[in-house]
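What follows is one structure encoded as C-alpha cells, with my remarks underneath.
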There are 2 protein chains.
Amino acid sequence: MTSVEEPARPGERIRDAARTRAEILDVATQEFARAGYDGARVDEIAAHTRTTKRMIYYYFGGKEQLFTAVLERAYGVIREAEQQLDVDHLDPVAAIRRLAELTFDHHERHPDFIRLVSIENIHGAEHIAASEELGRMGSPALDVIRRILAAGQESGLFTADVDAVDLHAMISAFCFFRVSNRHTFGALFGRDLVDPAQREHYRAMLGDMVIAFLTAERTAD
Amino acid sequence: MTSVEEPARPGERIRDAARTRAEILDVATQEFARAGYDGARVDEIAAHTRTTKRMIYYYFGGKEQLFTAVLERAYGVIREAEQQLDVDHLDPVAAIRRLAELTFDHHERHPDFIRLVSIENIHGAEHIAASEELGRMGSPALDVIRRILAAGQESGLFTADVDAVDLHAMISAFCFFRVSNRHTFGALFGRDLVDPAQREHYRAMLGDMVIAFLTAERTAD
DNA sequence: TCACTAATGTACGAACCAGTACGTTAGCTA
DNA sequence: TAGCTAACGTACTGGTTCGTACATTAGTGA
C-alpha cells in the first residue's frame, strides 16, 4: 500500500490533508483486516495514526464509510495489477496460465485484501453496493480472459466452451480459498496452504487444473 | 439443523436441559452466521430463545465457548454427510465426481456453515484450536479420496499424482468460494453464483474440472 | 498582513453489551 | 412427602465504543 512516512518534528503541527487521509486508510486497512468490521475499533485505528479520531470522522464521515474507502482502495490495487498484464504475445495456453499466476501471486501477496473481501461477504457486500466507485470500475482481468478464450476456442486449442466470468470464478476460487481458509484448513488437515515451500507446487497445480479443464477432450456433448 | 419445536404452554415453566441447550445452539448459529463473531449479540440470541441470557452462560460459559460449540456442531453435520457416502461400487472417475458433488451440495445447502467457517478464519481458527472435539475428529472425506485416488492411479486412469489433501482443497475451494463470495462476486461481476438456474451448470463444471485435472495427459514430467 | 477557512485537537456523552449477583422453582429421589 | 439440586429468571453493573460539541491553529489568498 502507499504508506506515507514523514519525519514528524515533535511539538510541531504539520498540516497535510492527503497524508493524513492516506495514513488513516493504511491503518484502517490493517485494523479491519485484523479484527473484522465489528471487531475493528475506531479508537484503535486513531491510536496508530499520527492524528486523532476526530480526523477519521472529518475525512470519512464514519466507520461504515471508512470501511468502504478501505475496500475501494484494496480493489483498486488488484485492478492496477491486472491492467499491467500483457499476454497478447503469448499463445492461449501460456496466456491463461500467466493470468492465473497473476491472480495467485496477488492473492498471496495481499492477505489483507482477502480478509477484507471475506468480511465484506459476511456483510452481504453492502459497502460495495453503497460505493459508486466500486460499481463503476469493471475488471481488466475479465477483458483479458475474454480475449484469450476467444483465441483459444477459435484455434481449437480449447475444447471447453466456458465463458470468461465462470473461468475467472474458477481461478479466483482456488487462489482465494488458499489464503482465506488457510487457518481452518491448517487446523483441521494439518497442512499450511500458504507454506512458502509449497508455493510453486500450488502455483503449478492451479495452472495445470485450468489448462486441463480448458483442453480436455469432451466425451459426450 | 436439529431444531426443537415444542408447544410451549404459556405461563408454565417446562424444564428440559437438552432442549434448551439445543435451542440456544440453533439460534446462536443463525446469529453468528448473520453478523459475524463480534457483530453477534448475546442478548439477541437470548431474545430469540424461549429462555434467557443467563442460560447461555449457564450452559456454555460465555460467548467465546458458545461460538466454539456452534462450530463443533456445524462441522459435525458435514462429517456425518461424508460418512454416509458410499462410492466403493463406482469406478474412480464416477466416484470422484460423486464425492465432489456431495461437497457441492452440502455447501449449497448450508450457507450458514460457510459463513461460520469464514468467520472462524478471520479469527485465525482460534476456536478450532481451543476445541478438543474439532481437533480429534478427522475427515471421512479424506479417507474416501485416498481410496479413490489409489484405485485411479493404480489402474492408470488418473495421470496426476496429487495427494488427497490437495485434491480435497481443490474441490472445497470451488464449492466454498461459490457460496462464501457470492455477494461480492455478484456485486462486481453481475453474476449470482448460487442462482438455482445455474446450479447444474456449476455442479457439472466442478466435476469436469476435477476429472480433467486428474486424467489430463502430462506433457513433460 | 489580515482575515478566513481547512485542518486539527480535547474532552465528553449516551448507548450498548458481555457478564454476574442474587433469587426462585420444577422435578427427582430417598 | 420432604428436601435437595439442576434448571431457570430478574435486574443490574462496569467497561467499552461510536460519535460529537467545542476549541484551536496553520496556511493561503486578497
Side-chain angles (χ1 to χ4, degrees), chain A residues 4 6-32 34-70 119 123 126-127 130, chain B residues 4 6-32 34-70 119 123 126-127 130:
Chain A
V4 204
E6 215 106 323
R9 278 155 306 218
E12 201 167 338
R13 198 150 125 191
I14 305 146
R15 304 198 157 194
D16 189 340
R19 197 213 60 185
T20 303
R21 230 190 99 99
E23 196 179 352
I24 292 172
L25 270 182
D26 280 344
V27 178
T29 298
Q30 288 174 47
E31 172 71 1
F32 279 123
R34 183 188 68 79
Y37 179 78
D38 290 288
R41 298 287 160 245
V42 177
D43 282 294
E44 191 67 17
I45 294 170
H48 285 82
T49 296
R50 269 172 295 182
T51 184
T52 63
K53 182 166 57 157
R54 178 71 184 76
M55 288 299 96
I56 294 174
Y57 289 90
Y58 183 71
Y59 283 113
F60 297 97
K63 192 181 182 181
E64 206 83 48
Q65 296 101 302
L66 175 60
F67 184 72
T68 304
V70 164
I119 292 160
H123 293 88
E126 58 179 18
H127 303 94
Chain B
V4 204
E6 215 105 323
R9 276 154 307 218
E12 199 165 338
R13 198 150 125 190
I14 304 146
R15 304 197 157 193
D16 188 338
R19 197 214 59 184
T20 302
R21 230 190 97 99
E23 195 179 355
I24 291 172
L25 270 183
D26 280 345
V27 177
T29 298
Q30 288 174 47
E31 173 70 0
F32 279 123
R34 183 188 67 79
Y37 179 78
D38 290 288
R41 298 288 160 243
V42 177
D43 283 294
E44 192 67 16
I45 294 170
H48 285 80
T49 295
R50 269 171 296 182
T51 184
T52 64
K53 182 165 57 155
R54 178 70 184 78
M55 287 299 97
I56 294 175
Y57 289 89
Y58 182 72
Y59 283 114
F60 297 95
K63 191 182 181 181
E64 206 87 43
Q65 296 100 303
L66 175 60
F67 184 72
T68 304
V70 164
I119 292 160
H123 294 88
E126 59 180 17
H127 302 94

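Every chain is numbered from 1, with letters handed out A, B, ... down the list of sequences.
One can place CE of B:Met55 at 16 Å from P of C:dT24, the figure rounded to the nearest angstrom. Atom CD1 of A:Ile56 is separated from atom P of D:dT17 by 14 Å (rounded to the nearest Å). Between the CZ atom of A:Arg41 and the P atom of D:dG19 there is a distance of 12 Å, rounded to whole Å. For B:Asp43 and D:dG9, the CG to P distance is 14 Å, given to the nearest whole Å. Atoms CG (B:Asp16) and P (C:dG27) sit 10 Å apart, rounded to a whole Å. Here C:dG13 presents its C1' atom at 13 Å from OH of A:Tyr57, a figure rounded to the nearest Å. Rounded to whole angstrom, the span from the CD1 atom of A:Ile45 across to the P atom of D:dG19 amounts to 11 Å. We find that CG of B:Asp38 is positioned 11 Å from P of C:dG19, with the value rounded to whole Å.
With a 4.5 Å cut-off on side-chain heavy atoms, A:Gln65 and A:His127 do not count as touching. The shortest side-chain heavy-atom distance between A:Leu25 and A:Phe60 falls under the 4.5 Å cut-off. Between A:Val42 and A:Tyr57, the closest side-chain pair of non-hydrogen atoms falls below 4.5 Å.
Listed nucleotides C:dT8, C:dA18, D:dC8 differ in distance to B:Arg54; the shortest reach to its side chain belongs to D:dC8. Checking C:dC17, D:dC18, D:dT10 against every side-chain atom of B:Thr52, the shortest atom distance belongs to D:dT10. For B:Arg15, the side-chain atoms get nearest to D:dA6 when compared with the rest of C:dT8, D:dA6, C:dC17. The side chain of B:Tyr58 approaches D:dA6 more closely than any other nucleotide in the set D:dT17, C:dC17, D:dA6.
Within the 4.0 angstrom heavy-atom criterion, no nucleotide atom of any strand lies near A:Ala46.
Remark: B:Glu126 engages B:Glu64, B:His123 in a side-chain contact (heavy atoms from CB on, under 4.5 Å) (not counting sequence neighbours).
Note on the helix from C:dT1-D:dA30 to C:dA30-D:dT1: terminal axis deviation equals 10°, with five pairs used at each end and the result rounded to 10°.
Across residues 59-68 of chain B, B:Tyr59 each have a non-hydrogen atom less than 4.0 Å from an atom of DNA chain D (numbered order).
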Practice prompt. Evaluate the criterion side-chain contact (heavy atoms from CB on, under 4.5 Å) for residue pair A:Phe32 and A:Ile45; output intermediate values, then yes/no.
Written response: CA-CA 9 Å; A:Phe32 279 123; A:Ile45 294 170; 4.3 Å; yes
Worksheet item: Under the side-chain contact (heavy atoms from CB on, under 4.5 Å) criterion, do B:Glu23 and B:Thr51 qualify, and how do the steps go?
Response: CA-CA 9 Å; B:Glu23 195 179 355; B:Thr51 184; 5.8 Å; no
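Between the side chain of B:Arg41 and the main chain of B:Asp38, a donor-acceptor pair closer than 3.5 Å is present.
The shortest heavy-atom contact between A:Thr49 and A:Ile24 is CG2-CG1, 4.2 Å.
Applying the 4.0 Å criterion to OP1 and OP2 of D:dA7, one finds that B:Thr51 has every side-chain N and O outside that range.
A cation-pi arrangement is present between B:Lys63 and B:Tyr37, with the terminal nitrogen or guanidinium carbon under 6.0 Å from the aromatic centre and inside a 45° cone about the axis.
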